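Below is one structure, written out as structure tokens, with a few remarks after it.
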Amino acid sequence: MQTNSFGSESLEKNSETSPKILAEQYRQTLNKYNYEYYVLDAPSVPDAEYDRIFKLLQELEVQFPDLVTPDSPTLRVGGAPLAVFSQVRHTVPMLSLNNAFDDADVHAFVRRLEEGLPGQLPKIDYAVDLKFDGLAISLIYKFGLLVQAATRGDGNVGEDVTENIRTIRTIPLRLRGENPPELLEVRGEVVMFKEDFNKLNARQREAGLKEFANPRNAAAGSLRQLDAKITSRRNLRFFAYGLGELKIDDKYQRPATLTDLFHWYSQLGISVCKERALVSSIDELLAFYRQTEQTRDQLAYEIDGVVYKVNSFALQQQLGFVSRAPRFALAHKFPAQEQLTTVLNIEVNVGRTGAITPIARLAPVKVGGVIVTNATLHNEDEIRRKDIWIGDAVIVRRAGDVIPEVVATIPDQRPVTARRFVMPTRCPDCGSEIVKSGDEAIARCSASWIKCSAQRKGGLWHFASRKAMFIDGLGEQLLDRLIDQNIITTAADLYKLGFTSLATLDRMADKSAKNVIAAIEASKKTTLARFIYALGIRHVGETTAKDLARYFGDIYPMMEATEEQLLEVNEVGPVVAKSIITFFSDPLNREVVKQLIAAGVHWPKSEMMASKQIFSGKTFVLTGTLPTLSRETATALIEAAGGKVQSSVSKKTSMVLAGEEAGSKLVKAQELGVRIISEAELMQMLDHFTN
DNA sequence: CAGCCTCGAGTTCT
DNA sequence: CTCGAGGCTG
């Protein structure tokens, strides 16, 4: 369970296993070490051990060249880190903790405690707190003065980072209180708050410098700055969680428990983590874990689990250590949200607008409990900015816990076989030229959807999607086949589909064919806004489609609209207006619209009438002097459209109508994020529905 | 005219 | 969710 037991010894004993399996085991072990080294910044084995396994794998691959996989660590070339800080030997070693990944591990931990502490049960108090995702640091205070700060290093020898640590404002340079101990070694974690991390990366980006992969790397990088002035700008923080050496006059009492220690730290002016608890059962330990997992996103900093420790120092001592980790403590980790993996290839996807999006094909890894194999790279600039090569070792994260993202590459682990991604010049679907207009980030297939079946598929998928026509059961698979076999080309063709043409498709059961036909039939009854959205006009999304529907009331006036007229519509500027005009100037698009309506696609004609009460349910507040209207007239106009006028601004206010010399109500509206409109805008809104 | 805000488009996996 | 881009506000 703990990292060390997953060792090399077991690997070598398996001499009877096939070379293939052995090679795989070596690779996995090396990847794990890499992960610990680069992602966790907490290697579980010395470098020499890594080198030894590396050599074993290399020899095996020389013997059996077929066994070389594209993600083999032997294809990487490594670089040795430079020693620039002076070294510090820890008097009391800074050990790592045993890890638990599931409830069973926690039960085993408690069972080991029972065996180690006969007679103590049933009551052992546990001090539980968070496992910060930062850097472990040791601070030494002599007679209350900070004299030395050091990183953990390998646990025995770390680096002297005193100058940089001094710049951290949450670390006292002199302890508070009258009688400081002769020697106090505070153990804790340096972290960077998520907010500061984001700001830092924004600055790095602006300055054209490399961004940091995560707050922990940023904290580590900041602490390793040779120039302490840079460190001071990085806004690092410190939380104490433990005790190293302590020499204290006999007349003072030594803290007997962690609870005492933290209390004492607070008095000395040393910050400790507030998310703590004192519990005494497995159920409470697990409850703390689950509750923390729920709320971790709300914390200002990142954590990768929680820590359980026996509260009493006396009992801790009695329990002692197993190999290199204390028996009295356990780190219960959350499922990893970041992993190290390999970019096997970078391919491109063609979207419905012809947008060419590069996608990284990854060696499968489990991230946050899910196997990830793909991650979007957005566009060429992004690849260049992050300097991602095919073959690179990369850190992958699930952004917002959902969508996989390549956070960063590890250039000094770049294999010799790695190569840069080159944007193709031809569309992988239709072979047309790929173009990129100067200032745009996205490259596009130059062909229209008539020629490019990828765009056609995307367009039809959009047409049938939930927010558009909502044709349930018309999935991607089915659409692909219908288009590939030239059964349909345009959206209008969908409504000409017969049961027989569907049922003749392979693997298409009669029943599902019937369902699809029924769903298509049902989709005929829709709304104008959905219909406009379904057309897939560039720059016309859900919201703009609604605005257009409200303004025009029907599709025909919109098809004939001039640019001037379109600009009247909310959310429509020159770019959107031109896009709409271009769309309807294509005879084929007009034909499709005509056919769709002929096929029976319809929407309530009363939609416009219903929207006559455009302000029903909305509340307004007037403030300041309006240019032309009196307050009475404005109120009357709003009420005629179904709205209500109130005297004071609240969160529930829909809009604030502001004129000259608007006062506190305007300020309040801004604070609450309530929409503020001018008289002209109000008139515009009212015009739209009377037209 | 610049910065802010909102919208659009593409995307992952179960 | 994230990024880019268009529109709107100050």
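Computation of the quantities below employed the complete heavy-atom set of this structure, encompassing side-chain atoms and omitting hydrogens, waters and symmetry-equivalent molecules. Predicted model, so just to flag it, every value in this text is computed and none were measured.
Around atom CZ of A:R426, more than 12 heavy atoms belonging to other residues, nucleotides or ligands sit under 6.0 Å away. For A:E591, the CD atom is densely surrounded, since the number of other residues' heavy atoms within 6.0 Å is greater than 12.
Contacts of A:L588 classified as side-chain contact (heavy atoms from CB on, under 4.5 Å), with partners at least two apart in sequence or in another chain: A:W449, A:I450, A:D586. For A:H462, the ring pair (Phe, Tyr, Trp, His ring centres under 6.0 Å) partners at least two apart in sequence or on another chain are A:Y533.
You'll find that the side chain of A:V372 is closest to B:dC13, out of C:dG4, B:dC13, C:dG7. Here C:dG6 is the nucleotide among B:dT11, C:dG6, B:dA9 with the atom lying nearest to any side-chain atom of A:V576. Distance from the side chain of A:T357 is smallest for B:dT11 among the nucleotides B:dC13, B:dT11, C:dG6.
Using a 4.0 Å heavy-atom distance criterion, A:I442 is classed as making no nucleic acid contact.
For B:dG10, the OP1/OP2 oxygens have a side-chain nitrogen or oxygen of A:R352 closer than 4.0 Å.
With respect to A:R290 and A:D103, a salt bridge is recorded, a charged nitrogen being found less than 4.0 Å from a carboxylate O.
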Identify each atom pair where a protein N or O and an N or O of nucleotides 3-7 of chain B are less than 3.5 Å apart, giving names and distance.
residue: B:dC7; atom: O3'; partner: A:T544; partner atom: OG1; Å: 3.4

Next item on the list: Step by step, work out the side-chain hydrogen bond (donor to acceptor under 3.5 Å, both in side chains) result for A:D392 and A:T409.
Entry: CA-CA 7 Å; A:D392 267 2; A:T409 188; 2.6 Å; yes
